[in-house]
Amino acid sequence: MMYSAGHAGPDVRADVRITAESADSFSFTYESSVQALYGEAIVRQVHECAVAWGSPPVRLHAEDSGALPFTWQARLAAVLAQCGCPPPPRPVVLREPRHRRRRSRLYVPGDTPKLLLN
């Protein structure tokens, strides 16, 4: 059975379509418009994600149109979940105490008076 997540085509930008099908072991192939620049990083991220998911026995193929790393990770997680792979354990997130006040500052150029009014 074939599963897919994401969008691809001539009008799609900054997304990736990943298709998966059952196989004897994990494998990954891809076509990318940014392969010359980010090919090694893409392969590394996909293999790290696959290891986190327990190296499922699936064959992945991706059609990339310049997707960012978080898009790759989301599409990989979606297609692996469709395949029935058990999700990886969630990392422990340390939270700051709630009693601290949050503050922010806004800086504007001092030589532009019209920006100071707003």
Side-chain angles (χ1 to χ4, degrees):
M1 184 166 246
M2 192 87 119
Y3 302 97
S4 81
H7 305 282
D11 297 334
V12 176
R13 295 180 63 191
D15 203 353
V16 59
R17 179 193 304 157
I18 301 176
T19 56
E21 60 183 341
S22 296
D24 295 331
S25 63
F26 178 81
S27 65
F28 171 67
T29 58
Y30 71 105
E31 301 166 13
S32 177
S33 61
V34 295
Q35 185 171 359
L37 296 171
Y38 301 108
E40 293 175 13
I42 290 170
V43 171
R44 185 174 43 247
Q45 182 180 11
V46 169
H47 284 287
E48 287 174 1
C49 187
V51 167
W53 282 75
S55 297
V58 294
R59 182 180 310 126
L60 298 177
H61 179 72
E63 298 171 55
D64 177 34
S65 59
L68 293 171
F70 65 86
T71 306
W72 271 94
Q73 189 164 358
R75 299 298 188 208
L76 281 166
V79 78
L80 291 174
Q82 288 177 11
C83 291
C85 302
R90 295 190 184 268
V92 176
V93 178
L94 301 176
R95 297 182 185 203
E96 292 185 24
R98 297 262 181 196
H99 64 276
R100 292 180 53 190
R101 291 186 183 174
R102 294 184 178 190
R103 298 174 188 250
S104 64
R105 294 181 183 176
L106 177 63
Y107 293 95
V108 295
D111 60 349
T112 311
K114 69 178 184 178
L115 294 177
L116 296 174
L117 297 175
N118 293 331

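Considering all non-hydrogen atoms of both residues, V58 and C83 come closest at CG1-SG, 4.1 Å. The shortest heavy-atom contact between C85 and P56 is SG-CB, 3.4 Å. Minimum heavy-atom separation, S32 to I42: OG-CD1, 4.1 Å. Of all heavy-atom pairs between R75 and G6, the closest is NE-CA, 3.3 Å. Residue Q45 comes nearest to P69 through the heavy atom pair NE2-O, 2.8 Å, listed as atom of the first residue, atom of the second, then distance. Shown here for P87 and W53, the closest heavy-atom pair between the two residues is CA-CZ3, 3.5 Å.
When atom types are taken as modelled, the side chain of S65 and the backbone of D15 share a donor-acceptor pair closer than 3.5 angstrom.
In this structure, E21 and H61 have side chains that are not in contact, with every pair of non-hydrogen atoms separated by 4.5 Å or more. Looking only at side-chain heavy atoms (C-beta outward), Y30 and L60 stay at 4.5 Å or farther from each other. Residues D64 and Q35 form no side-chain contact, since every pair of their non-hydrogen atoms from C-beta on lies 4.5 Å or further apart. Counting heavy atoms from C-beta on, the side chains of Y3 and T19 never come closer than 4.5 Å.
In the hydrophobic cluster analysis, where Ile, Leu, Val, Met, Phe, Trp and Tyr join through side-chain heavy atoms closer than 4.5 angstrom, W72 is grouped apart from V51. Hydrophobic clustering, with ILVMFWY side chains joined whenever heavy atoms are under 4.5 angstrom apart, groups V46 together with V34.
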Subject >> I18 vs F28, side-chain contact (heavy atoms from CB on, under 4.5 Å): CA-CA, chis, key distance, verdict >> reply: CA-CA 10 Å; I18 301 176; F28 171 67; 5.8 Å; no
Original post:
Would L76 and V16 satisfy side-chain contact (heavy atoms from CB on, under 4.5 Å), going step by step from the backbone distance to the final call?
Top reply: CA-CA 10 Å; L76 281 166; V16 59; over 6 Å; no
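Taken to the nearest 0.5 Å, the CZ atom of R59 stands 9.0 Å off from the CE atom of M2.
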